[in-house]
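For the numbers below, each heavy atom of this structure counts, side chains included, while hydrogens, waters and symmetry mates do not. All chains are named by letter (A, B, ...) in the order of the sequence lines, taking the proteins before the strands, and each is independently numbered beginning at 1.
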2 protein chains.
Amino acid sequence: MKLSTRSRYGTRMMLDLAQHYDEGPVQIGNVSKRENISVKYLEQLIIPLKKANFIKSIRGPKGGHMLAKPPEEITVGEIVRVLEGGINLSNCIENPEVCNRTTRCLTRGVWEEATKAMYDKLNSVTLSKMINDDSSS
Amino acid sequence: MKLSTRSRYGTRMMLDLAQHYDEGPVQIGNVSKRENISVKYLEQLIIPLKKANFIKSIRGPKGGHMLAKPPEEITVGEIVRVLEGGINLSNCIENPEVCNRTTRCLTRGVWEEATKAMYDKLNSVTLSKMINDDSSS
DNA sequence: TCTAATCTATAGCATTTGGCTATAGTATAA
DNA sequence: TTATACTATAGCCAAATGCTATAGATTAGA
């Protein structure tokens, strides 16, 4: 019942980009140093985030990555949804055949509701909110 | 980001026991047949549930297992907490050294809040509620 | 035009975790 | 005393995770 490092590292990267928003493109190597995450791993996380239109990239020398929209318009929930494999606590929703007759549906609803509660919370937090709420910066 | 089968199977077993509450001890073999879960796997799940005082067992022939308290006093959240390994989306709470300086604490709070939101929901659902809410029974 | 600095894509692998099975018991009602 | 239950621990296979490596494509600037 852990979030994958994809989500957690990806969120940290997005937060790093948010902190350097308006400073032009940020090189992935710099994010790597600051966040202590391998360049190659970050590169993998960038791909889906670009496809989801959260990051835009500029190629060539002096290129780099930056948020595709302002930090107040990106929520943690969106980032997690993009990076995490599935978004449900159980997969009996997509695959009803894993249920047996006796307690079918009895447990399903709870897992759905709990998943929703979690994402509702994550959706309520934007990158700018995270930065502003930080008391140590 | 899936719940383990321990939690899901364990919840189904508890639900099964709840449905046969007041019928005397339930043999693990019967739960196994009804829920289509291996006896040996169920036996493993019973141990922690007994330690947490959610199940009591009677040995010998005609023995079996039963809920240690009424279904309305047991919540899904309690069951999941007992059966799931960790209860947090991230383990940077217990192990602060996995955090790096730059974004320390910035992300931690979100994971904590989302975890709490999920458990708040699970804690609000009792076994009896699940049975009564079922429209197909 | 060339090239260094960057981003892109895919494959692969080592470790961990999850999910389950097997073995060897212990306890007890009939 | 024995069949029917429950208890405890070890081990194994498969899948997922977390990361690394290799090869290549793009492009601003000299």
N53(A): side-chain hydrogen bond (donor to acceptor under 3.5 Å, both in side chains) partners, not counting sequence neighbours
none
Quick check against the 3.5 Å criterion: does R12(A) have a side-chain atom that pairs as donor or acceptor with the backbone of E35(A)?
yes
Specify the separation, in whole Å, of atom OH of Y41(B) and atom P of dC6(D).
19 Å
Rounded to the Å, how far apart are N30(B) CG and dC6(D) C1'?
15 Å
How does each nucleotide of nucleotides 22-30 of chain D score, in 5' to 3' order, for protein heavy atoms under 4.0 Å: base (B), sugar-phosphate only (S), or none (-)?
BB--SBB--
Could you check whether Q27(B) gets within reach of a base, just the sugar-phosphate, or nothing at all, counting any heavy atom under 4.0 Å?
sugar-phosphate
Closest-nucleotide mapping onto DNA chain C: is I46(A) or T5(B) further toward the 5' terminus? I mean the 5' end.
I46(A)
With axes from five pairs an end, tell me the bend angle of the helix from dT1(C)-dA30(D) to dA30(C)-dT1(D), nearest 10°.
0°
Heavy-atom pair with the smallest gap, counting every atom of T75(B) and E78(B)
N-OE1, 2.9 Å
Do you see a donor-acceptor pair shorter than 3.5 Å between the side chains of Y41(B) and T5(B)?
yes
Between CZ of R6(A) and P of dT17(D) the distance, given in whole Å, is 9 Å
To the nearest 0.5 Å, atom CD of E84(A) lies from atom CG of L122(A) at 10.0 Å
Is it the case that the side chain of S32(B) and the backbone of I37(B) share a donor-acceptor pair, with hydrogens and angles ignored and the cut-off at 3.5 Å?
yes
What's the CG-C1' distance between L45(B) and dT7(D), to the nearest Å?
14 Å
Using the test salt bridge (charged side-chain N to carboxylate O under 4.0 Å, His left out), find all partners of E43(B) that sit at least two apart in sequence or belong to another chain.
K40(B)
Check the distance between dT17(D)'s P and L3(A)'s CG and give it to me in whole angstrom.
11 Å
Please check: side-chain N/O of E73(B) versus main-chain N/O of P70(B), any donor-acceptor pairing under 3.5 Å?
no
Passes side chain to side chain contact (heavy atoms under 4.5 Å, CB included), L83(B) versus Y9(B)? Steps please.
CA-CA 10 Å; L83(B) 294 177; Y9(B) 289 9; over 6 Å; no
Could you pull out every donor-acceptor pair under 3.5 Å between side chains of residues 55-66 of chain B and any protein atom, sequence neighbours left out?
unit_1	atom_1	unit_2	atom_2	d
S57(B)	OG	K50(B)	NZ	3.1
S57(B)	OG	H65(B)	ND1	2.5

From CE of M66(B) over to C1' of dC6(D), roughly how many Å is that when rounded to an integer?
15 Å
First of V26(B) and S38(A) reached from the 5' end of DNA chain D, by closest nucleotide
V26(B)
Enter the distance from I74(B):CD1 to M14(B):CE here, rounded to the nearest 0.5 Å.
4.0 Å
May I have the distance from I47(B) (atom CD1) to dC6(D) (atom C1'), rounded to whole angstrom?
8 Å
Taking any heavy-atom pair under 4.0 Å as a contact, classify G29(B): base, sugar-phosphate, or nothing.
nothing
Integer-rounded Å distance: dG18(D) P and N36(A) CG
16 Å
Linked, directly or transitively: V82(A) and I47(A) (ILVMFWY side chains, under 4.5 Å):
no
Going 5' to 3' on DNA chain C, which nucleotide is the first and which the last to come under 4.0 Å of a heavy atom in chain A?
dT6(C) to dA11(C)
